[in-house]
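Down below is the structure, laid out as C-alpha cells.
The first residue in the sequence is number 1, and the count goes up from there. Just follow the structure's listing: the first ligand is 1, and inside any ligand the first atom is 1. Just so it is clear, the structure is predicted and the values come from calculations on it, not from any experiment.
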Amino acid sequence: MMHLEVFRTVPEATHRMADLLAAQLEERPGSVLGLATGATPIPVYREIVARVKAGRMNDWSRVTTFNLDEYVGLSGEDPHSFTAFMRLHLFEPLHLAPERTFMPPATGEELEKRVRAYDEQIHVAGGIDWQLLGIGRNGHIGFNEPGTPLDSPTHITDLTESTRVANASWFGDDAGQVPRQAVTMGLATIMRSGTIVLAAFGGNKAAALRRAFAGEITPALPASILQRHPHVFVIADEQAAALLP
Ligand code: F6R
C-alpha cells in the first residue's frame, strides 16, 4: 500500500516526516531505524534534532540505526564518507552511542564477508522498523542502481556514471573524485522494513518518481519494487510529484 502525500514546500514535507517518525518512536522508543544520506534528509535531520532537543520528540537513547550505504574505500575519518555525514547531521547532535549506529562496512580486510554479514546484524537487532529513503534521478534506492536484482541482499555495487555525476557536488564538483563503488543494503533488505518513508524533493526527481510508482515493477527502475511493499509513505513536494497521475 502506497500513501502519496504532496506538499507545497520542503519544510512542510519535512515536518510531516518528523511527525511520522515521532509517532513511530512514541509507539516504540526502542525502534530500529534505517537511515539515508544525501541532500534530501538534511532538513529532516535538522527538524528531528530540533524536536529532540526541545523535548518535542522521544529521545533516541534506545534507538538503533542502520544506514543504507557507504562508499567503498572511505573510512569514517574521511569527510566525504557517509559515516562523517551521519555524525555531523545526526549522531553527534543527538549524542547517539556509537554501538547503536551501524554503517555498512566499506574498508578493511575480508570486506565481502563483512558486507554479507550486515543483513544478519540487522536481523539480530530485530529488523528495521522504519526506513527513510531518498530516490536517485535514475530510480535507485540506497545504491541499488538500475539492473540490480530485485531480491538482492546487502552487497558491493559499481556506481553508474549518472550517480557519480549527481553526487559530484559533494566532491568539489569533480565526478572523477566520487568513488566507483559503494556498499548498499539490497532491495530485499529494504523490502523487509516494517514502514518505509521515501522523500523526493525537486523537479529532477519527477521522472523517477513517476516510473517508480506509476510504471511497471522492473529492475530497470529499482524503486519500483516498493509497489510490492505493504506500508510505504511517499512524501513529495509539488515539483517532484508533478508527473504522477
Ligand atoms: C543515500 C542514498 C541514495 C540517495 C539518492 C538521492 O543514502 O541511499 O539513494 O537517497 O541518491 O540523493 P539526494 O537526496 O542527494 O538527491
Which protein N or O atoms sit under 3.5 Å from any N or O of ligand 1? Give atom names and distances.
{"from": "ligand 1", "atom 1": "7 (O)", "to": "Thr37", "atom 2": "N", "distance (Å)": "2.9"}
{"from": "ligand 1", "atom 1": "7 (O)", "to": "Thr37", "atom 2": "OG1", "distance (Å)": "2.9"}
{"from": "ligand 1", "atom 1": "7 (O)", "to": "Asp69", "atom 2": "OD1", "distance (Å)": "2.7"}
{"from": "ligand 1", "atom 1": "7 (O)", "to": "Asp69", "atom 2": "OD2", "distance (Å)": "3.4"}
{"from": "ligand 1", "atom 1": "8 (O)", "to": "Asp69", "atom 2": "OD2", "distance (Å)": "2.6"}
{"from": "ligand 1", "atom 1": "8 (O)", "to": "Gly142", "atom 2": "O", "distance (Å)": "3.4"}
{"from": "ligand 1", "atom 1": "9 (O)", "to": "His140", "atom 2": "NE2", "distance (Å)": "3.4"}
{"from": "ligand 1", "atom 1": "9 (O)", "to": "Gly142", "atom 2": "N", "distance (Å)": "3.4"}
{"from": "ligand 1", "atom 1": "9 (O)", "to": "Gly142", "atom 2": "O", "distance (Å)": "2.7"}
{"from": "ligand 1", "atom 1": "11 (O)", "to": "His140", "atom 2": "NE2", "distance (Å)": "2.7"}
{"from": "ligand 1", "atom 1": "14 (O)", "to": "Ala39", "atom 2": "N", "distance (Å)": "3.3"}
{"from": "ligand 1", "atom 1": "14 (O)", "to": "Thr40", "atom 2": "N", "distance (Å)": "2.9"}
{"from": "ligand 1", "atom 1": "14 (O)", "to": "Thr40", "atom 2": "OG1", "distance (Å)": "2.4"}
{"from": "ligand 1", "atom 1": "15 (O)", "to": "Ala39", "atom 2": "N", "distance (Å)": "2.8"}
{"from": "ligand 1", "atom 1": "16 (O)", "to": "Lys205", "atom 2": "NZ", "distance (Å)": "2.7"}

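Each of Thr157, Thr163, Thr184 was compared with Glu145 under the side-chain hydrogen bond (donor to acceptor under 3.5 Å, both in side chains) criterion, and only Thr163 meets it.
Hydrophobic cluster membership of Leu111, counting Ile, Leu, Val, Met, Phe, Trp and Tyr whose side-chain heavy atoms lie under 4.5 Å apart directly or via other members: Val72, Val115, Ile156, Val183.
Within the structure, the salt bridge (Lys or Arg N to Asp or Glu O under 4.0 Å) test picks out the following pairs touching residues 1-10 (sequence neighbours left out): Glu5-Arg16, Arg8-Glu12. Contacts classified as salt bridge (Lys or Arg N to Asp or Glu O under 4.0 Å) and involving residues 90-101 (residues at least two apart or in different chains) are given here: Arg87-Glu92.
Using cut-offs of 30° and 60° for the angle between ring planes, the Tyr71 and Phe143 rings count as tilted.
Between Asn67 and Phe85, the closest side-chain pair of non-hydrogen atoms is not below 4.5 Å.
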